[in-house]
There are 2 protein chains.
Amino acid sequence: MDKKLIEARDNFIESAGRTTQGFGLGRNIGQLYALLFFSPKPMSLDDMAGELKVSKGSVSTNVRELEKWGAVREVWIKGDRKDYYEAEVNFLKIIKEGILPFFRRKLDSSFVATAESKEIIHNNRKNFKSEDKELSLFYTKRLNLIEIAQSRLLLLLRLPGL
Amino acid sequence: MDKKLIEARDNFIESAGRTTQGFGLGRNIGQLYALLFFSPKPMSLDDMAGELKVSKGSVSTNVRELEKWGAVREVWIKGDRKDYYEAEVNFLKIIKEGILPFFRRKLDSSFVATAESKEIIHNNRKNFKSEDKELSLFYTKRLNLIEIAQSRLLLLLRLPGL
DNA sequence: TGCTATATTCAGTACATACTGAACATAGTG
DNA sequence: CACTATGTTCAGTATGTACTGAATATAGCA
C-alpha cells in the first residue's frame with residue numbers, strides 16, 4: 001500500500017482518536033471506527049489490533065461498544081471462523097442513534113439527582129425555621145429552573161433538525 | 001444551615017460534578033458551577049475552595065474557564081477587595097453560547113484533519129499505481145462522506161431549535 | 001467429544017489529566 | 001511606598017481510567 005495513502009489514513013485515524021478522547025469516549029474507540037471506515041474490506045480483531053498496535057483485548061471491548069452504538073456491524077465471511085467487522089458509513093445516523101442516546105443516559109442521572117434534591121427539601125419543608133425557610137424556597141426555585149432546562153435539553157438531543 | 005438543605009445541595013453538586021466529568025470537562029468545574037448556582041450570594045475563591053474542600057488554585061483556574069463560557073460572572077462587592085462570583089442561571093444559554101462552541105472547536109480540528117487527508121491524496125494522485133489508484137478513489141469517497149456529515153453536524157450544533 | 005482457533009474477561013499497570021500547594025505576581029490600603 | 005490581602009501560575013503529584021496480556025470461555029471442526 002502506498003506510503004502517502006497510509007499517511008492520509010493514519011492522519012485521519014489519529015484525529016478521530018483525539019476527537020473521541022476529547023469527548024470523554026477514549027482514544028482507541030475513535031481510532032477503531034476510523035480504521036474500519038477506511039477499510040474497503042471487513043476486518044478481524046487481529047487485523048485491527050495489528051494495524052493500530054493495540055491489544056486484542058482492547059479491540060474486543062471497544063468494537064462491541066461501537067456495535068452498541070450501531071457504528072460497526074459484524075459481517076460473515078464464509079469459510080472463516082473469525083468475526084469480521086465493517087463500519088456503518090452513515091455518520092449522522094451513528095451520532096443520532098448511538099452517541100446522543102449514550103450522552104442522554106448520562107444526563108438522565110443528573111435528572112434523577114435534581115428530583116432527589118427536590119424530594120429531600122419537600123420531605124422536610126415543615127422542619128425548616130426562619131432563614132432556612134427562605135433558603136429552601138430559593139433552592140426550590142433554582143431546582144425548578146434546572147428541571148425546565150434539563151427537559152428542554154433532552155428534547156434538543158433528539159435532534160429535531162436531523 | 002439546615003442539615004437537610006445541605007444534603008439537597010450537596011447531592012446536586014455531586015451529580016453536577018459527575019456529569020461534567022462524564023463529558024470530559026473535569027469534576028471540579030461542574031461542582032463549582034453547581035455551588036454558585038445554589039448560592040443566594042456571590043462567593044469568593046476562598047468561600048468556594050472551603051465549601052468544596054479543594055485548592056484555591058483549582059478554583060481559580062476553573063472559575064475562569066466557567067467565566068469564558070459565560071457560566072459565571074464576577075460581581076463587585078464594595079468595601080471588599082476579594083473577587084466575588086455568581087452563577088448565570090440561564091442554563092440553556094450557557095449550553096448554547098458556552099459549552100457547544102467549546103465542543104465545536106474540538107470538532108473543528110477533526111475537520112482540519114479531514115481536509116489534510118484529502119490534500120495528501122490529491123497531491124499524490126499522479127503517483128498511485130493500479131490497486132492503489134482504486135484505493136485512493138475509495139478513500140476520497142469516504143472523506144467526502146465525512147466532510148458532508150461534519151458540516152451538517154456543525155450546523156446542528158448551532159441548535160436551530162433553541 | 002476432544003482439539004484448536006478465536007473471543008472475552010479482568011486484575012494489574014501505564015498513562016493522561018486534573019488537582020495541590022507553594023512560589024510568585026498583583027492590586028488595593030494606610 | 002511598603003505592607004498585606006488576594007489571585008495566578010505551574011511543577012510535582014495523586015487519581016481515575018483505558019489499555020495490556022494472560023487466563024478463561026466459547027465455538028467451530030475433525
Side-chain angles (χ1 to χ4, degrees), chain A residues 13-36 42-69 72-86 102 106 109, chain B residues 13-36 42-69 72-86 102 106 109:
Chain A
I13 289 174
E14 196 196 312
S15 159
R18 254 184 286 118
T19 303
T20 48
Q21 186 151 249
F23 284 87
L25 302 171
R27 183 176 53 151
N28 232 287
I29 208 163
Q31 293 196 338
L32 213 45
Y33 176 74
L35 178 66
L36 287 173
M43 297 182 85
S44 71
L45 292 189
D46 286 313
D47 293 341
M48 298 184 250
E51 285 281 357
L52 297 179
K53 304 268 184 276
V54 295
S55 74
K56 213 168 130 182
S58 171
V59 172
S60 172
T61 305
N62 283 312
V63 96
R64 272 176 304 123
E65 188 68 23
L66 284 168
E67 220 178 352
K68 274 192 223 157
W69 298 348
V72 307
R73 68 178 74 84
E74 208 177 327
V75 293
W76 267 84
I77 294 199
K78 66 178 174 185
D80 199 322
R81 65 212 251 195
K82 284 181 190 160
D83 296 347
Y84 284 85
Y85 293 88
E86 67 180 11
F102 177 77
K106 295 193 182 194
S109 96
Chain B
I13 288 173
E14 196 195 312
S15 160
R18 252 183 288 118
T19 303
T20 47
Q21 187 150 250
F23 283 88
L25 302 172
R27 185 175 53 149
N28 233 294
I29 207 163
Q31 293 196 337
L32 213 44
Y33 176 74
L35 178 66
L36 287 174
M43 297 181 85
S44 71
L45 292 190
D46 286 313
D47 294 340
M48 298 185 250
E51 285 281 357
L52 297 178
K53 304 268 185 276
V54 295
S55 74
K56 216 168 124 181
S58 172
V59 171
S60 172
T61 305
N62 283 310
V63 96
R64 269 176 305 123
E65 187 68 22
L66 284 168
E67 222 179 350
K68 274 193 224 157
W69 298 349
V72 307
R73 67 177 76 82
E74 208 177 328
V75 292
W76 267 84
I77 294 198
K78 66 178 174 184
D80 198 323
R81 64 211 249 196
K82 283 181 190 159
D83 296 346
Y84 284 86
Y85 293 89
E86 68 179 10
F102 176 77
K106 295 194 183 194
S109 96

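Note that the structure is a prediction, hence the values are computed from the model and not measured. Naming convention: chains lettered A, B, ... in sequence-line order (proteins, then strands); numbering from 1 in each chain.
Side-chain atoms of B/Arg81 and base atoms of C/dT26 include no donor and acceptor less than 3.5 Å apart.
Applying the 4.0 Å criterion to OP1 and OP2 of C/dA18, one finds that B/Asn28 has every side-chain N and O outside that range. Considering only side-chain N and O atoms, B/Arg64 lies under 4.0 angstrom from the phosphate OP1 or OP2 of D/dT9.
Atoms CG (B/Leu25) and C1' (C/dT17) sit 13 Å apart, rounded to a whole Å. In this entry the distance linking CD1 of B/Ile77 with C1' of D/dT6 reads 15 Å, nearest Å. Rounded to an integer number of Å, the gap from A/Arg27 CZ to C/dT17 P is 9 Å. In this structure, OH of B/Tyr85 is placed 11 Å from C1' of D/dT8, rounded to the nearest angstrom. Between the CD atom of A/Glu67 and the P atom of C/dT8 there is a distance of 9 Å, given to the nearest Å. Atom P of nucleotide D/dA27 and atom CD of A/Glu74 are separated by 12 Å, given to the nearest angstrom. When the P atom of D/dG21 is taken as reference, atom CG of A/Asp46 falls 14 Å away, rounded to whole Å. The distance between atom CD of B/Gln31 and atom C1' of C/dA18, rounded to the nearest whole Å, is 12 Å.
Of the listed nucleotides (D/dT6, C/dG21, C/dT9), C/dT9 has the atom at the smallest distance from the side chain of A/Thr61. Relative to the side chain of A/Lys82, the nucleotides D/dT17, C/dA7, D/dT20 differ in distance, and C/dA7 lies closest. In the set D/dC19, D/dT9, C/dC19, D/dC19 carries the atom at the smallest distance from any side-chain atom of A/Ser55.
The CD atom of A/Glu51 sits 11.5 Å away from atom CG of A/Leu32, with the distance rounded to the nearest 0.5 Å.
Looking only at distances, a side-chain donor or acceptor of B/Thr19 sits under 3.5 Å from a matching main-chain atom of B/Ser15.
Partners of B/Glu67 according to the side chain to side chain donor-acceptor pair (under 3.5 Å) rule, which considers only residues two or more places apart in sequence or in another chain, do not exist here.
Nearest approach of B/Lys106 to B/Gly24, heavy atoms of both residues: NZ-O, 4.5 Å. Of all non-hydrogen atoms in B/Thr20 and B/Arg27, the two that sit nearest each other are OG1-O, 3.8 Å.
Ranked by how close their nearest DNA chain D nucleotide is to the 5' end, A/Gln21 and A/Trp76 are led by A/Gln21.
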